[in-house]
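In what follows, chains are A, B, ... by sequence order, proteins preceding strands, each numbered from 1.
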Protein chains: 2
Amino acid sequence: MARTQGSYSVITSSRLREAALRLFAQHGYAAVSMRQIAREIGVQAGALYLHTPDKQTLLYTLMREHMEELLAAVPCDSGTPLERLERFCRFHIRFHHARRAPVFIAYLELRSLEPENFARIEALRNRYEAHLETILRDGIEAGSFAAPDAKLVTLALIAMLTGVTTWFRPDGRLDLAQIEAIYWDMVRKVLSV
Amino acid sequence: MARTQGSYSVITSSRLREAALRLFAQHGYAAVSMRQIAREIGVQAGALYLHTPDKQTLLYTLMREHMEELLAAVPCDSGTPLERLERFCRFHIRFHHARRAPVFIAYLELRSLEPENFARIEALRNRYEAHLETILRDGIEAGSFAAPDAKLVTLALIAMLTGVTTWFRPDGRLDLAQIEAIYWDMVRKVLSV
DNA sequence: GTCTATACGTGGATAGAC
DNA sequence: GTCTATCCACGTATAGAC
């Protein structure tokens, strides 16, 4: 039989990421111990340090990977501003719901990052927000949207859309498609001329 | 000279609240130690336990007091739905900015509360959200507002309005009065028929 | 009311056996 | 690659002197 050590390493690494994501999102970075994560994936605490140099790097890596996946998944900029806006809003709600755990972490654990790591994550977030801001500016310039301040509306809309993740339950009164439609309706009205 | 012990107690108690509010808001409940709070107000860690039975109760008390002050300060329900809505939105932005620290704690540290305390704080929050929802329902019934779902719009608007506290800086491009006006404009449009 | 001292658990991280 | 054992700092909370 061939060596399986490499395989085990990959498995444990991915299980470590999963468990850390879930536990950090649920209880918070500071409240979760490395021992707790290790117990969750069935290894001893010391073994975790084969897969991450330390706890802080583990947090930062999870956040960075999430932000990079988010940026890679943003829909392309084709069509009218209205079409682009709708695509962005529906994407935002769907993506953020599909990745609730990293979304919570990326929003709530910024303060747990050391300064350099914080700056890097913040830069990625600014790049994401710039996508929406660009759509708004293009729409305002074209006369399709009315908004007193593109930057402020960007921040307001992102806060509104992201808020869905804090209360949405799959077994609730409305499904995600309905919520998407209602939110899109609100966004459309905010920008209406 | 009269005894001064009672006075000292009151002073330390209020200094404890202030310091805990600030540190919990900045670093998170789990990341802040009782020793750190004590150092901040210039007493020994043991002395804190004269003013709070334990750390969890300290957190819960801060959150409960904040929510009760919020509920006590909600503007009264007089006038047209549109007037009531404007009053609520402006109040929300102003109050939440004035009390940024307890607001952060009330939103981010729900997961740090033990189940019974969590349930109590959640109940207070639901009472606050009900104020806005009632305004929306009254306005929809009167034909002043158009909204597909009063509950969802309530959650969306509160997320949007509360978001201001996460990025607003007094030395920024816009002052709070301008921001209030822009946000009120967005809210008005969301509800427009 | 506050201090000093301390009990006792648990945290992150590492060393060396297997 | 993982385990056991361990280091050492720090956590919450309490006891008893002043």
Using a 3.5 Å cut-off and no angle test, enumerate the donor-acceptor pairs between side-chain atoms of residues 121-128 of chain A and protein atoms at least two apart in sequence or in another chain.
residue: A:R125; atom: NH2; partner: A:A106; partner atom: O; Å: 2.9
residue: A:N126; atom: ND2; partner: A:E122; partner atom: O; Å: 3.4
residue: A:Y128; atom: OH; partner: A:H92; partner atom: ND1; Å: 2.6

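- B:K55 contributes a side-chain N or O that, together with a main-chain N or O of B:Y29, makes up a donor-acceptor pair within less than 3.5 Å.
- Within a 6.0 Å radius of CD in A:E65, other residues, nucleotides and ligands contribute more than 12 heavy atoms.
- Checked against the 6.0 Å centroid criterion, the rings of B:F88 and B:H131 do not qualify as a close aromatic pair.
- Across the protein-nucleic acid pair, A:L23 atom CG and C:dG12 atom P stand 12 Å apart, rounded to whole Å.
- B:H27 places its NE2 atom 12 Å from the P atom of D:dG11, with the value rounded to the nearest Å.
- Listed pair A:Q44 / D:dT4 meets the phosphate criterion, a side-chain N or O lying under 4.0 Å from OP1 or OP2.
- Regarding A:L16, its CG atom lies at a distance of 13 Å from the P atom of C:dA13, rounded to whole Å.
- Atom CG in B:L50 sits about 13 Å away from atom P in D:dA15, given to the nearest Å.
- In this entry the distance linking CD1 of A:I41 with P of D:dG1 reads 13 Å, nearest Å.
- Phosphate contact (OP1/OP2 of C:dG1, side-chain N/O of B:T12, threshold under 4.0 Å): absent.
- The closest donor-acceptor contact from the side chain of A:Q56 to the backbone of A:E114 lies under 3.5 Å.
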Which pairs of donor and acceptor atoms, one on a side chain in residues 143-150 of chain A, lie under 3.5 Å apart (sequence neighbours left out)?
residue: A:D149; atom: OD1; partner: A:K151; partner atom: N; Å: 3.2
residue: A:D149; atom: OD1; partner: A:L152; partner atom: N; Å: 3.0
residue: A:D149; atom: OD1; partner: B:R173; partner atom: NH2; Å: 3.1
residue: A:D149; atom: OD2; partner: B:R173; partner atom: NH1; Å: 2.6
residue: A:D149; atom: OD2; partner: B:R173; partner atom: NH2; Å: 3.1

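- The separation between A:L59 atom CG and C:dG12 atom P is 13 Å, rounded to whole Å.
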What protein N or O atoms touch nucleotides 12-14 of chain D N or O atoms at under 3.5 angstrom, if any, and at what distances?
residue: D:dT12; atom: OP1; partner: B:M34; partner atom: N; Å: 3.2
residue: D:dT12; atom: OP1; partner: B:K55; partner atom: NZ; Å: 3.2
residue: D:dT12; atom: OP2; partner: B:M34; partner atom: N; Å: 2.7
residue: D:dT12; atom: O4; partner: B:R35; partner atom: NH2; Å: 2.9
residue: D:dA13; atom: OP2; partner: B:Y49; partner atom: OH; Å: 3.0
residue: D:dA13; atom: OP2; partner: B:K55; partner atom: N; Å: 3.1

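- Note on A:H51: a side-chain N or O is less than 4.0 Å away from OP1 or OP2 of D:dT2.
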